[in-house]
Amino acid sequence: MSETASKAPGAVQADPGRWKALVFIALAQLMVVLDATIVNIALPSAQQDLGISDGNRQWVVTAYALAFGGLLLFGGRIADLWGRKRAFVVGLAGFAAASALGGAATNEAMMFGARALQGVFGALLAPAALSLLAVMFTDAKERAKAFGIYGAIAGGGGAVGLILGGFLTEYLDWRWTFFVNIPFAVVAAAGAYFVIREPEGGRNRSPLDIPGVVLSTLGLVALVYGFTRAESDGWSDSLTIGMFVASGVLLLTFVLVEAKVKAPLLPLRVVTERNRGGVYLSLGLAIIAMFGLFLFLTYYLQVVKGYTPVKTGFAFLPMIVGMITGSTQIGARLMTRVPPRLLMGPGFLVAALGMLLLTRMEIDSSYATLLLPAMLLLGLGMGSAFMPAMSLSTQGVQARDAGVASAMVNTSQQVGGAIGTALLNTVAASATTSYITDHMASATSAPQRQLVQLEGMVHGYTNAIWFAVGILVTAAVIALTLVNAGKPDMGAVTGSDAQDADDAMPVPVVAH
């Protein structure tokens with residue numbers, strides 16, 4: 001059928017409160033994204049206060065990443081089963097409670113537990129937020145604007161976290177990097193409860209696929225933990241290798257189980273559709289490049305250039321401005337006029353150009369002439385590419401699969417982040433070590449030795465950034481070749497048409 005939602009029998013009219021709902025959905029998304037980076041800035045202070053050893057401090061980040069990454073698919077399926085609004089509100093309440101626990105932590109065990117709990121509720125909240133957008137915004141032009149705002153927050157929120165984390169840690173106390181989540185969560189939950197009206201009939205009431213839940217959770221946890229171990233203990237560590245092997249076996253078994261069970265946790269139709277597969281893959285690769293860069297630039301600015309945490313946060317502002325501009329002004333305006341691949345491919349290439357500039361980084365590089373233009377290009381490119389990718393990842397999906405499809409976007413981002421941090425950090429560390437080994441013999445005084453150390457660090461960063469350039473170019477090639485959807489149909493497809501539309505050109509679906 002080609003009738004628009006307004007004419008098609010059984011179609012639901014657009015919810016009049018959808019734009020108010022977007023405010024609260026965006027607020028919740030901002031809270032989750034902020035949390036990924038805000039705690040990094042506070043980590044040294046928290047470690048000192050709570051007496052966390054150097055060997056254990058990674059668990060402040062890892063406990064969150066494992067729970068969040070491992071439970072995302074399960075969280076998306078729960079959102080489809082319970083209803084996205086209920087999953088969204090419960091996720092917010094749980095995230096706020098876990099944040100309060102983290103802020104009040106008195107020892108390392110309490111801190112690690114709080115971070116794991118944040119990950120659990122984040123895994124319920126994140127797919128519920130994205131799938132609510134997917135089912136509430138069905139008009140192509142409105143959907144473009146809504147996903148433009150959401151994409152800008154998803155991309156720029158991490159950099160905002162660096163600024164906010166710097167302020168809170170420097171002027172208040174590291175505990176406020178946790179407590180700050182509570183007002184965000186309360187406002188978003190109250191707003192969602194009173195404003196969000198989820199379309200009827202979009203739930204997936206099939207029984208839970210317990211083998212799928214167990215296999216996917218264990219497989220993803222093993223994968224994320226494998227990359228985390230690789231960063232700290234090396235790629236040849238026996239436990240690292242064991243985790244990768246276990247992850248491969250578990251995830252392969254998961255795919256075989258999903259192909260056979262009656263009500264799968266992840267219906268394979270969600271990922272095997274060419275466009276969605278292309279989005280998940282290219283987005284995951286782009287995140288690998290971005291997460292590694294955040295880490296290197298933070299260390300470069302603080303250790304090499306001597307910036308304070310607050311100044312470091314502000315140094316990332318051009319990237320935020322670029323992301324918001326790319327997402328809301330370029331992506332949202334062009335999304336209804338050109339096919340998604342013509343935004344995603346060039347977007348990733350513009351970001352790669354920004355990354356390429358950073359390969360010229362030296363100890364005395366100027367912020368104004370090198371870092372600022374590079375970050376602007378990175379932000380513009382990522383913002384332009386993220387926005388159509390986020391939208392396309394849930395277009396054409398049956399309403400009952402919206403939560404799981406949204407969870408796959410978050411899973412590709414979360415796993416991409418873990419891979420990026422570990423992979424690029426390993427490349428940087430080995431390049432730094434070899435540089436210092438080669439040059440330290442010629443350094444005779446303490447200042448010269450210190451200079452060699454700093455030069456070695458920068459050499460390591462630029463080596464890793466070259467890898468990131470290659471990864472972004474690969475993401476662009478995948479987007480341009482795999483994503484073949486045309487520009488969005490200006491009408492919405494009704495729920496009864498969803499089955500036929502699922503493997504056709506992606507268009508928004510309204511449940512009834």
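Keep in mind that the numbers below use all heavy atoms, side chains included, and drop hydrogens, waters and symmetry copies. Since this is a predicted model, take the numbers as computed values, not measurements.
The two residues V427 and S430 make their nearest non-hydrogen contact at O-OG, 3.0 Å.
At least one donor-acceptor pair closer than 3.5 Å links the side chain of H439 to the backbone N or O of Y435. T240 contributes no side-chain N or O that, together with a main-chain N or O of W235, makes up a donor-acceptor pair within less than 3.5 Å. Using modelled atom types, no side-chain atom of D209 and backbone atom of P264 make a donor-acceptor pair closer than 3.5 Å. Between the side chain of R276 and the backbone N or O of V270, at least one donor-acceptor pair lies under 3.5 Å. Proximity of a side-chain donor or acceptor of R274 to a complementary backbone N or O of L482 within less than 3.5 Å is detected. The backbone N or O of F95 sits nowhere less than 3.5 Å from a side-chain atom of Q118 that would complete a donor-acceptor pair.
Taking the side chain as every heavy atom from C-beta outward, F348 and I478 never approach each other to under 4.5 Å.
Remark: aromatic rings of F296 and Y461 are close, center separation under 6.0 Å.
Within 6.0 Å of the CZ atom in F179, the count of heavy atoms belonging to other residues, nucleotides or ligands exceeds 12.
Ring-plane geometry between F178 and W174 is classed as perpendicular, the angle between the planes exceeding 60 degrees on a 0 to 90 degree scale with a lower cut at 30.
L377 contributes atom CG, which lies 10.5 Å from atom CG of L356 (distance to the nearest 0.5 angstrom).
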Exercise for the section: Please report the C-alpha distance between M344 and V279 in whole Å, then the side-chain angles of each, then the deciding distance to 0.1 Å, and finally whether the side chain to side chain contact (heavy atoms under 4.5 Å, CB included) criterion is met. Expected result: CA-CA 9 Å; M344 290 172 65; V279 165; 4.1 Å; yes

